[in-house]
K.L.:
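Dropping a structure here in structure tokens format, bear with me for questions.
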Amino acid sequence: MCGIVAYVGSKPCQQLLIEGLKRLEYRGYDSAGCAVIQNGKLHIVKAVGRVANLEDKLEGIGNFTGTTGMAHTRWATHGGVTEINAHPHTDDKVGIAMIHNGIIENYAALKTYLEEKGHTFKSQTDTEVLAMLIGELYEGDLEKAVQAALREVTGAYAICVICEKEPETLVVARKGSPLIVGVGSGEYIVASDASAIVSHTTQAMTLADYNVVKITPKGFRTSTIHDVPVTPKIEQLELELQEIELGGYQHFMRKEIFEQPKALRNSFRGRFDPKEGRVILGGLADHAKELNKVTRIILTAQGTALHAAMIGQYLFEDLAKIPARAEYASEFRYRNPIIEDGTIVVAVSQSGETADTLAALSEAKDRGALALGVINVVGSSISRETDAGVYLRVGPEIGVASTKAFTGQVAVLTMVALFLGRRRFMSGEQCGELLRALETVPEKIEKILTQDEVIRKITMKYCERENWLFLGRGYNYPTALEGALKLKEISYIHAEGMPAAEMKHGPIALINEGMPAVFIANKGRQYEKVLSNIQEVRARGGHVIAVATEGDEHIRRYAEDVMYVPDIPEPLSPMLTVVPLQLLAYHAAVIRGHDVDKPRNLAKSVTVE
């Protein structure tokens, strides 16, 4: 994995491919490469590092004028970060080149088979094995060779394949890894993400699993890997170009932090009526009777989405009085989970393509659970696999470190919890009161954002420290985990998030003179308990940075620095308390000179195990 762009049409495609890769840089990668067919010959150029390095190499060689080509950004899985391991990969006989996202699980057995057939491998990758297999099976028809090869493959893939012997043909296929085909006038642009094609066309089809598409400038044919014809569905892309541009901001992460008020207003629009105490979620309407009978909720996710799911656990138990549990998707899928009648599983994912979450969802469905999705990307794999769901509607998120998607996930989970609670025991008045408070969240985030410079100055005092603690209780324990994750992801500072009470059961041994400890100490049921935990840190020389409720001057007796958030009912507080932590992490990364939007080793959408 990570980013795919391919083109077939009438235009010289080199610059289009590079522009597409730049649109996909936010997904995270460590090397890049492209292949263009010109005068019946493959021309392949690769580079380690940024797309700019690839662009420099291409300029040194001279522009290719071929009209069929493809490009890729790689996030290493099999084999180290080298030019040889970068995509595209080729076969050794026919003149086939291929780019690939995903994992070929049975690559070792296939490689042994191909070596016995006399093929010689150059790289350490699983992708080269598939390219060789397609070459081995090629008998003059690239589409049929790809279909035949994929019938032998176990694993996940989104692939693009070109061949010197069919210079105007591009064959693409997908299973478990996203791929879309943009349809233009006499031209087609393939990508793993709509952001790479939206400046060229707004008409696209999303490949389903096991789909194979043969594309030429004259048209395309869609089938399965068994050559069963498929009727394609071409849809209008909802993404707009300005949504994926910086628009005057220095970084996408900063832009997305400041977009949160607008994003949440979009998420809320038309979905609840505070006067009536009603939540209206069209995505759940067809399953309302089943949801009324739910006896247990399992939320499954990874990374930031898991922290949102953990908040969802509190919300469902507190507001809907339904037993709930948040679980790592990667662990859930390999356990023997108990799924009883009345269990629903909620998959939470920004991209809707997270491999572990998708697999956990499939496991739960196989065991009879009703599957719901809380997803940002329309038409994504998880959205298609769920029985019902609610889209975030927060707009595309480009920064690798998730911000507005997190608050969107928490907002949607809050609405779902109120949707269920209102149908079970909650009065219209109780529900309406919380909905009125929920409606104020965007303007309260706007108020927090005015403290940006104050938070930057606080960050400057501590950003050279290499070990931090983030502590919270109740609803804001997962928020503490999220704050620690943000700091780790983009500033590369080691940070531990944990329940504030857990600290004294071991981690307190880590505290030394001047160690930054960020406490979420907003007014709530456990406020006094948090103050006691703060004093335990101060007694051992730690420096306390508090996130506190506006107007709380008492906290200044315990904290070296304070970041304030407006008052709000406790179940809604994570959407506010996380914002200062996002800004703190952002400023730490900028001050330390790191690439905020492209943190090392990370990918935006993790589509492999």
Side-chain angles (χ1 to χ4, degrees), residues 156 174-178 206 208-210 271 279 281-303 305-306 308-313 315-317 320 322-393 405 408-421 423-424 605-607 609:
R174 172 256 164 92
K175 180 202 168 220
S177 197
T206 301
D209 280 353
Y210 302 108
R271 284 177 161 172
V279 179
L281 298 174
L284 304 185
D286 291 343
H287 294 273
K289 289 184 179 179
E290 290 173 84
L291 292 171
N292 288 345
K293 298 174 184 176
V294 64
T295 57
R296 181 169 170 248
I297 297 173
I298 298 170
L299 301 105
T300 185
Q302 295 287 143
L306 179 65
M310 293 171 71
I311 294 168
Q313 173 184 317
L315 289 164
F316 286 122
E317 294 192 340
I322 301 171
R325 180 179 177 86
E327 301 217 20
Y328 285 100
S330 57
E331 293 298 316
F332 179 86
R333 64 180 294 195
Y334 289 115
R335 286 190 6 241
N336 188 19
I338 298 170
I339 304 292
E340 303 161 319
D341 287 345
T343 298
I344 64 172
V345 171
V346 182
V348 186
S349 169
Q350 189 282 135
S351 67
E353 303 292 348
T354 311
D356 289 313
T357 306
L358 186 58
L361 182 71
S362 177
E363 177 71 17
K365 285 184 68 177
D366 288 347
R367 291 170 180 257
L370 178 69
L372 304 184
V374 174
I375 309 298
N376 196 35
V377 180
V378 175
S380 57
S381 296
I382 292 175
S383 70
R384 293 199 301 272
E385 290 296 318
T386 49
D387 298 304
V390 184
Y391 285 115
L392 304 187
R393 300 199 316 210
Q409 287 161 351
V410 176
V412 166
L413 290 169
T414 302
M415 289 186 280
V416 175
L418 289 169
F419 177 87
L420 296 176
R423 281 157 175 73
R424 297 170 71 89
S605 177
V606 183
T607 57
E609 282 196 69

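Keep in mind it's a predicted model, so treat the numbers as computed, not measured. The residues of the chain are indexed from 1 along the displayed sequence. Side-chain atoms are counted along with the backbone in the values below, which use heavy atoms only and exclude waters and symmetry mates.
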K.L.:
Output a table of donor-acceptor pairs, distance under 3.5 Å, between side-chain atoms of residues 283-291 and any protein atom two or more places apart or on a different chain; print 'none' if there are none.
P.N.:
residue : atom : partner : partner atom : Å
His287  : ND1  : Glu290  : OE2          : 2.7
His287  : NE2  : Asp387  : O            : 3.3

K.L.:
Got Ile382 and Glu353 here, is their nearest side-chain heavy-atom distance under 4.5 Å?
P.N.:
no
K.L.:
Could you tell me whether the side chain of Arg271 reaches within less than 4.5 Å of the side chain of Val412, counting heavy atoms only?
P.N.:
yes
K.L.:
Can you tell me how far the CG atom of Asn336 sits from the CD atom of Glu363, to the nearest 0.5 Å?
P.N.:
8.0 Å
K.L.:
To check you understand the geometry: which heavy-atom pair defines the closest contact between Ala320 and Arg424, and what is its length?
P.N.:
O-NE, 3.2 Å
K.L.:
How close do Thr206 and Arg384 get, counting heavy atoms only, and between which atoms?
P.N.:
CG2-NH1, 3.5 Å
K.L.:
Knowing that exactly one of Ile344, Val294, Ile311, Leu299 qualifies, which makes a side chain to side chain contact (heavy atoms under 4.5 Å, CB included) with Phe316?
P.N.:
Leu299
K.L.:
Just so I know, are the side chains of Val348 and Leu306 near enough to count as touching, which here means a heavy-atom distance under 4.5 Å?
P.N.:
no
K.L.:
For Gln302, enumerate each residue passing the side-chain hydrogen bond (donor to acceptor under 3.5 Å, both in side chains) test, keeping only those at least two apart in sequence or located in another chain.
P.N.:
Ser330
K.L.:
Check this for me: Arg296, atom CZ, are more than 12 non-hydrogen atoms of other residues, nucleotides or ligands nearer than 6.0 Å?
P.N.:
yes
K.L.:
Could you tell me whether the side chain of Asp366 reaches within less than 4.5 Å of the side chain of Ile339, counting heavy atoms only?
P.N.:
no
K.L.:
Look up atom CG in Asn292 and atom CZ in Phe419, then write down how far apart they are to the nearest 0.5 Å.
P.N.:
7.5 Å
K.L.:
Does any N or O in the side chain of Glu317 come within less than 3.5 Å of the main-chain N or O of Ala324, such that one atom is a donor and the other an acceptor?
P.N.:
yes
K.L.:
Is there side-chain contact between Val345 and Arg367, with at least one heavy-atom pair below 4.5 Å?
P.N.:
no
K.L.:
About how many Å separate OG of Ser351 and CD1 of Ile375, when rounded to the nearest 0.5 Å?
P.N.:
7.5 Å
K.L.:
Using every non-hydrogen atom in the two residues, find where Leu361 and Glu385 come nearest and quote the distance to one decimal.
P.N.:
CD2-CB, 3.8 Å
K.L.:
Counting heavy atoms not belonging to Asp341, are there more than 12 under 6.0 Å from its CG?
P.N.:
no
K.L.:
Could you grab the distance from atom CZ of Arg325 to atom CD1 of Ile298, nearest 0.5 Å is fine?
P.N.:
8.5 Å
K.L.:
Roughly how far apart are Arg333 CZ and Leu358 CG, rounded to 0.5 Å?
P.N.:
8.5 Å
K.L.:
Over all heavy atoms of both residues, which pair between Leu413 and Gly312 is shortest? Give the atoms and the distance, please.
P.N.:
CD1-CA, 4.1 Å
K.L.:
What pair of heavy atoms forms the shortest contact from Gln313 to Ala326, and how long is it?
P.N.:
OE1-N, 2.9 Å
K.L.:
When rounded to the nearest 0.5 angstrom, what distance separates CG in Asp356 from OH in Tyr334?
P.N.:
7.0 Å
K.L.:
Could you pull out the closest heavy-atom pair between Leu392 and Val374, with the gap in Å?
P.N.:
CD2-CG1, 3.5 Å
